[in-house]
Amino acid sequence: MDLAERRGVETEVYQPAEDSALLASVAEDEVGSGDRVLEVGTGSGWVAEQVATETGADVVASDLNPHATRQARERGVEAVRADLVAPFRDGAFDVVLFNPPYLPEDAAAARDDWMETALTGGEDGRAVVDPFVESVARVLAPDGYALMLVSSLTGVDEVVELAGECGFSAVAMREESYPFETLSVLKLLPA
Amino acid sequence: MKESLMDVLCCPMDKSELELEVDDRADDEEVLAGTLVCTECGERYPIEDGIPNLLPPDMRDDVPA
């Protein structure tokens, strides 16, 4: 099942797709076994579980959606219901992972369910990306960094520019092209 | 949730420390039910089925249809 099809079937929790796999593969290369990791917006918990299994790191997963935190916990991932990084301590994490809702909103396709919350990032696709970039530095340990998935549909340049304004240097770690979008994983390092 | 999770959690509103009140534990000592109480503002955050709900109170009931 491809990305577009998956977006159509499940109604409560976003299931792992190409974007999840790309974020997980970069994270598995970057995360060290002694790292403390937070995955924001974990959805099914698949990325958090992969990273914990493959690296041995201590991984916590958060989501706004109660169905998502339940699925993550069923995978054996420590889950917290949270708004982005709000309930986490200053400097608590070596790595923060985020595969955000990034599709620009399509009024005709508005569904008003948890899946829409998982997919759409408002009019420009950055309604959740922006507050994340603006708030994540607080919870990063010294030498900590964030790995965030961004789509060409969201506007990679705009995200990189905002990251710069928030004091990060942004590096594209890996890119994959699909018929309607190119997915990138950005590493945000506090400058 | 494991009690070690307390090391990374804080009140989502004022970032103060939380105090754990335990109502129920699993056989492996994991906390299944209880409350996290902010030591500063006194706000109470429920732990249900092993998952702490640390949404600020005004977001707790904001559920899509």
Side-chain angles (χ1 to χ4, degrees), chain A residues 11-13 35-40 42 45 57-96 101 110-120 131 135 138-141 144, chain B:
Chain A
T11 60
E12 288 185 334
V13 180
D35 284 349
R36 194 178 249 170
V37 180
L38 170 67
E39 191 197 5
V40 173
T42 193
D58 188 2
V59 183
V60 177
S62 77
D63 207 292
L64 190 65
N65 176 349
H67 307 290
T69 49
R70 210 170 301 134
Q71 285 194 12
R73 184 175 149 80
E74 281 165 12
R75 286 181 189 272
V77 175
E78 183 85 278
V80 179
R81 206 169 159 210
D83 177 25
L84 299 173
V85 300
F88 299 102
R89 290 194 194 193
D90 293 8
F93 298 99
D94 301 295
V95 186
V96 177
R111 316 162 43 135
D112 195 29
D113 61 13
W114 279 113
M115 190 51 58
E116 179 178 332
T117 309
L119 293 175
T120 62
S135 62
R138 183 183 62 80
V139 301
L140 292 177
Chain B
M1 61 169 268
K2 298 190 192 82
E3 257 182 72
S4 58
L5 189 65
M6 296 299 293
D7 295 346
V8 299
L9 296 179
C10 64
C11 175
M13 296 193 291
D14 56 28
K15 316 300 177 199
S16 299
E17 281 192 33
L18 298 166
E19 207 172 80
L20 173 64
E21 295 176 0
V22 178
D23 293 333
D24 188 25
R25 278 183 200 274
D27 296 338
D28 62 0
E29 291 294 291
E30 213 191 335
V31 178
L32 293 180
T35 311
L36 293 165
V37 186
C38 178
T39 53
E40 187 63 34
C41 70
E43 188 59 49
R44 300 173 66 83
Y45 302 93
I47 303 167
E48 289 169 6
D49 301 322
I51 302 170
N53 181 349
L54 282 156
L55 291 178
D58 65 334
M59 288 181 73
R60 242 176 248 162
D61 303 318
D62 189 14
V63 177

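A note on names: the letters A, B, ... follow the listed sequences, proteins ahead of strands, and every chain is numbered from 1.
- Within a 6.0 Å radius of CG in B/Asp27, no more than 12 heavy atoms belonging to other residues, nucleotides or ligands are found.
- Nearest heavy-atom pair across A/Asp35 and A/Asp94 is CA-OD2, 3.4 Å.
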Return a table of donor-acceptor pairs under 3.5 angstrom between the side chains of residues 43-55 of chain B and protein atoms on other chains or two or more places apart.
from: B/Arg44; atom 1: NH2; to: B/Glu21; atom 2: OE1; distance (Å): 3.0
from: B/Asn53; atom 1: OD1; to: B/Leu55; atom 2: N; distance (Å): 3.1

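- Within the 4.5 angstrom heavy-atom criterion, atoms from both the backbone and the side chain of A/Val80 approach chain B.
- Residues in residues 68-93 of chain A take part in these ring-ring contact (aromatic ring centres under 6.0 Å, His included) pairs, two or more places apart or across chains: A/Phe88-A/Phe93.
- A/Arg73 has a carboxylate O that lies under 4.0 Å from a charged side-chain N of B/Glu30, or vice versa, which qualifies the two as a salt bridge.
- Using a 4.5 Å cut-off between heavy atoms, A/Leu64 touches chain B through backbone and side chain atoms alike.
- A/Arg36 pairs by the side-chain hydrogen bond (donor to acceptor under 3.5 Å, both in side chains) definition with nothing, not counting sequence neighbours.
- Closest of all the heavy-atom pairs between B/Leu5 and A/Glu78 is CD1-CG, 3.7 Å.
- Contacts from residues 6-16 of chain B to chain A, taken as heavy-atom pairs separated by less than 4.5 Å, involve B/Met6, B/Asp7, B/Val8, B/Leu9, B/Cys10, B/Cys11, B/Pro12, B/Lys15 in sequence order.
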